[in-house]
Every structure is written in C-alpha cells, then in structure tokens.
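One structure is given here, and the rest of the page talks about it.
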Amino acid sequence: MSEKHVNDYASVPDARGHFGPYGGRFVAETLISALDELQAVYQKLKNDAAFQSEFDADLAHYVGRPSPLYHAEHWSRKVGGAQIFLKREDLNHTGAHKVNNTIGQALLAKYMGKPRVIAETGAGQHGVASATVAARFGMQCHVFMGEEDVRRQSLNVYRMKLLGAEVIPVTSGSRTLKDAMNEALRDWVTNVDNTFYIIGTVAGPAPYPQMVRDFQSVIGRETRRQMLEQTGALPDALVACVGGGSNAIGLFHPMLEDEAVAMYGVEAGGDGVETGRHAAPLNDGVPGVLHGNRTYLMEDEDGQIIETHSISAGLDYPGVGPEHAWLKDIGRVKYVAINDDEAMQAFRDLTRIEGIMPALETAHALAYTEKLARDMSKDKRIVVNLSGRGDKDILTVADIDGISF
Amino acid sequence: MSRIKKTLRQLKQNGRKAVVPYIVAGDPGIESTLPLMHALVEAGADIIELGVPFSDPMAEGPVIQLAHERALAQGVSLQQTLDTVAAFRRSDTQTPVVLMGYANPVEAFGYTRFATSAAAAGVDGILTVDMPPEEIGALNTALREQDIDSILLIAPTTTDQRIEKICAAASGYIYYVSLKGVTGAGHLDSASVAAKVARIRNASDLPVCVGFGIKDAASAKAVAAVADGVVVGSVLVDALASAAKQGASTEELTRVAAKLLKEIVNGAAAARGA
C-alpha cells in the first residue's frame, strides 16, 4: 500500500456523503429534510460526551462488550497454517454484531424524540436487534422482511414478535432483503414525522454509511487492542463476510491505516460467481444507484436489479456499502467470494472442531479464512470476524440434511 | 423554446391548467402504450408523463409498483420506452412527453448517450425521482446540451432554502408532491398544497404541477385552483390494470383512459375562476 492512502481514509466520506464516486444521497425529495436532520443531530452527538458515554455504557452492560478475541487453536492446527483468531461478535446480546448499530441508532431516535422505529431485515438478525432496542426504549417497532426470508428465518420472525415488534412480510419483487428495504423506505416517506429508520448496514443514503460504520467500528478498535495485548502485534490479515458490509467495515475501519494488515471481504458466491447465481456485486457487478447510494450492484444491461442467490439470507443483497466499493477501487481491501457449499462445510467444521456454531453469513468468512490460512506460515495471524451465531440457521441446515422437525 | 415551456405558457395565456396523465411504458401491454398516449392527448392531456419501468421503484405505492412489474415482465425497459416516444412523435409533434423514472436505468445507459437518444426520440423532459439537486449536476449538463428539461420534485418537507436550490436546478416545471407518502397514497390537503405552492412561486417563475393524491374531478379542481397543472397517475394506472385483467382490448383500454382523463380535465377546467 502506498503512503497516500493514509490521508484518504480520513477524507471519506465528504460533506455530502461521498466515498470517492460512491455513496451520496439518491432519494426522493420528501426524505431529504429527514436525512438533513439526522445528519445534523448525528454530527452534534458524535462528539457529545454524554451521548458517547451512554453508548459506551450500553455496549458494556447491555451488549456485553468487549467481545472476546479467541485463539481458535484446534481449528488452526487442523488447517495447518496461520493462527486463526475469532472476534466473538456472536457472543453479543442477540447473537450478532448488528446490535452495536441498533443501540447507537435507537439512542439517536431517543434524542430526536421519535416514538416509532422501522427496520429492514434479511436473515432477521438486524430485525431482532432493532426489536430488542425498541422493546428496551418503549418504542413502536415495525420490521420489513421479504416473504421468502420470513420463510427461511422463521425462528427470528418469532423472536421479533415476542419482542413486541410487528413483522411485515414484503411480497414485491424478489421478496428478499432488497425489497424489504424498498418497503421500509416507502414507509419512512409516509411516516417521516414520527419515525426513525434504523438501517442495518453501511448502505443507504448519507449519513447512514458513515453512521453505521462509526457505531460498528468498536469491533475493530477492540480487535486491535486485544491483538496487541494477546500477541504483542497487529494481525497479518483480517477477514469478514460482506453482504451490505457492516461487520466487515466495523472490523476493517480502525485498521485501514495499518498498512501491513491485509484485509479480505468475503461475498456470497452462491452457486459460483461464474454461474451468475450469486450475491457478489464487488466480484461481478457494476457501479449504479440503488437504495439511496451509488455503489457496485448486480444488474442487467438495462440497469434493472437482478435477483441474487445465496444460502444465507443476510448476504442475499444485490448491492454493498459504498465505502467497500471505494476500498475495492483503491485496492486497500481484497474482495473474494465463497460458494454456498464451501460455506456449509465451514459451518460444520467450526461447529465440530471448536464447538462454535457460526451464522451461515459468517461461515463464508470462515471458509475463506481456511483457504488463506493454509498458504500462510504458522507464525502468521488472521482475525476473522465471527459476526453472528448460527442458531437461527439450524432449520436451513436441517433442511439440507433432509431432516424436518 | 422547449415544447414544455411553450405548452405551459399558452395554457397560462388562456387561463387554463395543464392536465398531465402518467402511465408506465409497457403497461398493461407493450402494444397498448402508443394508442394510450394518443387517446390521452385526444381526451385533453396537455403533457404526458411516461414512467420508465424499474425493478425497485422506491417512491411508488402498490398500484404503480405492479405496473412496473408488468412492464418488466414483458421486457420493457429504457430503450423500448424511448422507441415508444419516437413512434408517438411521428404523428404528434406538439404534446410534450416527460420520462419519469429512477436513476439506475439512466446510469446504465450513460448520461450522454441517454440525453442524445432521448432528444432524438422527441423526449422533452426527464424526471428522475431519486436524484435530488445535489446529485443531478452531471445528468443536467448532459440534458441541457440536448435542450431537454429537467423536472425536479419539491415535497411538503422541503425547506424554503432548498426550494430555491431546486428551482435553480430545474427547468420546464416543478413537480410538487402533494403529500408525504408514496404514489397513490392518502388524502389531499388542498390548503397545505396552496400554501406550499405559494412559497414555490415566491422563489421561481417556473410553473408548478402537482401530483400524488389526485383521484377525481373534485381533487383535480381543488389542486388546479392553486397550481398550474395536475398530474394524475395511480387512479389511471389502476383503471387500466383492472380493465386489462378483465381482458380488455387495446381499443377498450383507450376508452377507459379517455373517460377517466376527461373527468380530470373537467375538474381542472371547473377551477377556472373558482
């Protein structure tokens, strides 16, 4: 990496939310004033000691941070290469990294006096994390979820209902995460006065990509410190799965300036990138505009968004956060893809070898970590973000195994 | 002078209000769009807004979402929409046509190529729903070179400061979104529309057409009393969809569209001197 990147990382996004040519604010006029208000409040509270200490206290006592950094010795030995460390975001309250962001956004909603929150969800982790914070703050919560995902993730749907949220199945388009986001935006435009939209990833119109990154960056800050404490050195490589890319940016961002740390974002290869049936826009997409930002998208030659394919509902999204698009173009992060079957194997491996059952999203990162580690010497160290636990995926895995309950 | 400017100026001189129907290109069928455009003009349309189908029409309510889905299912996209306008222009050289759609098909087409092709087809204006003034600069440059008007939205939530910024980036007319919501939603508050239109007029000489929530003669009259034009979309698209579902021929569809539009035209006309 060249020296010039050091300054670049601090320069994005610009005042209008652009990461190089990506990001920005592509929404209908009705939402602009709400985004302006959110941006102003966020800019103020970001540097407000009382807000920050409330956020930090919630992360410590409600979420359970810091999350452990675990040296997966058994798995590392089995792989036979670099030492693999797991950043245990699966041990957070609600079982994934998503809650770091929903805590932050719910606090913003509280400061802004919004009585109602809405969210989109794919795998249901962000929906659960949103329903959780809404329950805690006594806010009304509506979660939009593609009908197909409601079926794939029935356990999380029930969790959200138990938490008092209303889950609204979305029947338009491909009935997955992208359609849920369309529907959430439609709801927001209609109820903009009393509603806070908790976007679950580092995408959407500015200021969301930056805001969600900032809330998730606790992952990378802790990881950096924990690696120095445990090993006396920074990791040689970081690996994280990328759907919208919030867990990845959270891990990467605080170490972007540590140029010796290699970074790998792992997209969902579905049936294989070469088949076209995947969810890997950074590997096989083109820049375009969707859901409020310019980024890499999966689309046809007419600019129509195409259906994505992944075993994992949380990665089944045709776009990606704009900062990832920029990091790809400048070459700071390498984006790769892992197929459904490779992810399934990694799910089984980690479960049997370390007794840790990862989310299917996370399993993509694990599968790539295994490939990467194999070619590295035993004194090298990789940190992989164990972004979520796999309980929610048990029915999907059972289905593959031909078991029904 | 652009066709849009000329049309709206003439209407104003005659004390009339513009009636602007919206249909989606390719809906309910590929073959019906061109006859529908002519029938709408015949029934009193002053400007036609033609929706460009998109897979993720975020600002649309269910009625127009389904219209986009039907059009896409038949493979209609931006190029076919331009071809339809070109065909329309062969027999109608007067009525302005505005393409209303989303950024991504235009991004995929390329701004310069799009502006050139649109001008060649006889398109007069472009309304890109998800491009606020902050993001529209490069597209506007390409459109201006081809003398195509750039229609921008103003919403109930738009501040006075932004109204000025939007008016500075727009040409042709301003599309005022009458309510907070998606197309086809809710219920029109004509007093708040009147107040906002007055603020737009303080900032600019551009004509103001109002859309979202205009369903019948009464709502057309209420809006026409305070604006320069009324846009009617969902109710028209819905009527066409219902007729098509019952197996209506293209000719029957044109009759359905004409009947509905005449009601709106009469409503808008009733606002004269009201």
Side-chain angles (χ1 to χ4, degrees), chain A residues 14-18 21 23-37 170-174 178-195 204-206 286-295 297-307 318-319, chain B residues 52-62 65-66 68-69 71-72 75-81 101-110 114 128-136 138 152-159 161-163 165-166 174-177 179-183 185-186 212:
Chain A
D14 68 15
R16 292 196 286 119
H18 294 109
R25 200 182 262 182
F26 294 85
V27 293
E29 177 60 27
T30 312
L31 289 179
I32 297 285
S33 66
L35 292 167
D36 278 343
E37 185 195 2
V170 175
T171 57
S172 58
S174 60
K178 88 171 170 74
D179 310 284
M181 196 152 176
N182 289 335
E183 215 49 45
L185 284 163
R186 289 178 187 126
D187 181 292
W188 198 29
V189 92
T190 306
N191 301 297
V192 61
D193 292 332
N194 74 345
T195 297
V286 294
V289 171
L290 180 70
H291 292 154
N293 62 136
R294 182 177 281 119
T295 187
L297 298 174
M298 302 221 359
E299 61 180 52
D300 66 15
E301 56 189 18
D302 292 326
Q304 308 296 348
I305 307 307
I306 57 177
E307 270 188 48
Chain B
V52 181
F54 182 49
S55 52
D56 295 81
M58 285 171 300
E60 315 297 346
Q65 284 174 46
L66 288 172
H68 283 251
E69 285 184 17
L72 287 173
V76 174
S77 198
L78 184 49
Q79 182 61 57
Q80 291 88 332
T81 307
Y102 291 81
N104 204 49
V106 175
E107 297 265 321
F109 212 89
F114 171 65
T128 310
V129 177
D130 51 352
M131 274 209 186
E134 290 82 359
E135 303 288 354
I136 209 169
L152 271 81
L153 300 172
I154 288 179
T157 53
T158 307
T159 60
Q161 211 180 356
R162 278 188 68 78
I163 287 178
K165 191 179 191 173
I166 292 168
I174 289 292
Y175 187 129
Y176 178 62
V177 175
L179 47 83
K180 293 171 203 161
V182 291
T183 49
F212 287 39

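The basis for the numbers below is simple: all heavy atoms, side chains too, and nothing from hydrogens, waters or symmetry mates. As the structure is a computational prediction, the values presented were derived from the model and not from experiment. Letters A, B, ... mirror the listed sequences (proteins, then strands); counts begin at 1.
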Answer yes or no: is there a donor N or O on one side and an acceptor on the other, between the side chain of B/N104 and the main chain of A/G303, under 3.5 Å?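 Confirmed, B/N104 side chain pairs with A/G303 backbone.
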Quick one: does any side-chain atom of A/Q304 pair with a main-chain N or O of B/P53 as donor and acceptor, under 3.5 Å?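 Pair found, side chain donor or acceptor close to backbone of B/P53.
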Most heavy-atom pairs under 4.5 angstrom with chain A, which of [options]?
options                      : result
B/P133, B/A108, B/S77        : B/S77
B/D56, B/T157, B/L179        : B/D56
B/E107, B/H68, B/E135, B/Q65 : B/E135

[X] versus chain A, the contacting section by heavy-atom distance below 4.5 Å:
X      : answer
B/I166 : side chain
B/L78  : neither
B/F54  : both
B/E60  : backbone
B/I136 : neither

Where on [X] is there a heavy atom nearer than 4.5 Å to chain B: the side chain, the backbone, both, or neither?
X      : value
A/V27  : backbone
A/I305 : both
A/H18  : side chain
A/E301 : backbone
A/L297 : side chain
A/D193 : side chain

Given side chains that start at C-beta, do those of A/S172 and B/E69 come closer than 4.5 Å, heavy atoms only?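 A side-chain contact exists here, since the closest heavy-atom pair is under 4.5 Å.
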Considering only heavy atoms and a distance below 4.5 Å, find which of A/R294, A/H291, A/M181, A/E183 pairs most often with chain B.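 Between A/R294, A/H291, A/M181, A/E183, the count favours A/R294.
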Let's go through B/S55 and A/E299 carefully: what are the C-alpha distance in whole Å and the side-chain angles of both, what is the deciding distance for side chain to side chain contact (heavy atoms under 4.5 Å, CB included) to 0.1 Å, and is it a yes or a no? CA-CA 10 Å; B/S55 52; A/E299 61 180 52; over 6 Å; no
Pair B/T158, A/I32 - check side chain to side chain contact (heavy atoms under 4.5 Å, CB included), show working. CA-CA 8 Å; B/T158 307; A/I32 297 285; over 6 Å; no
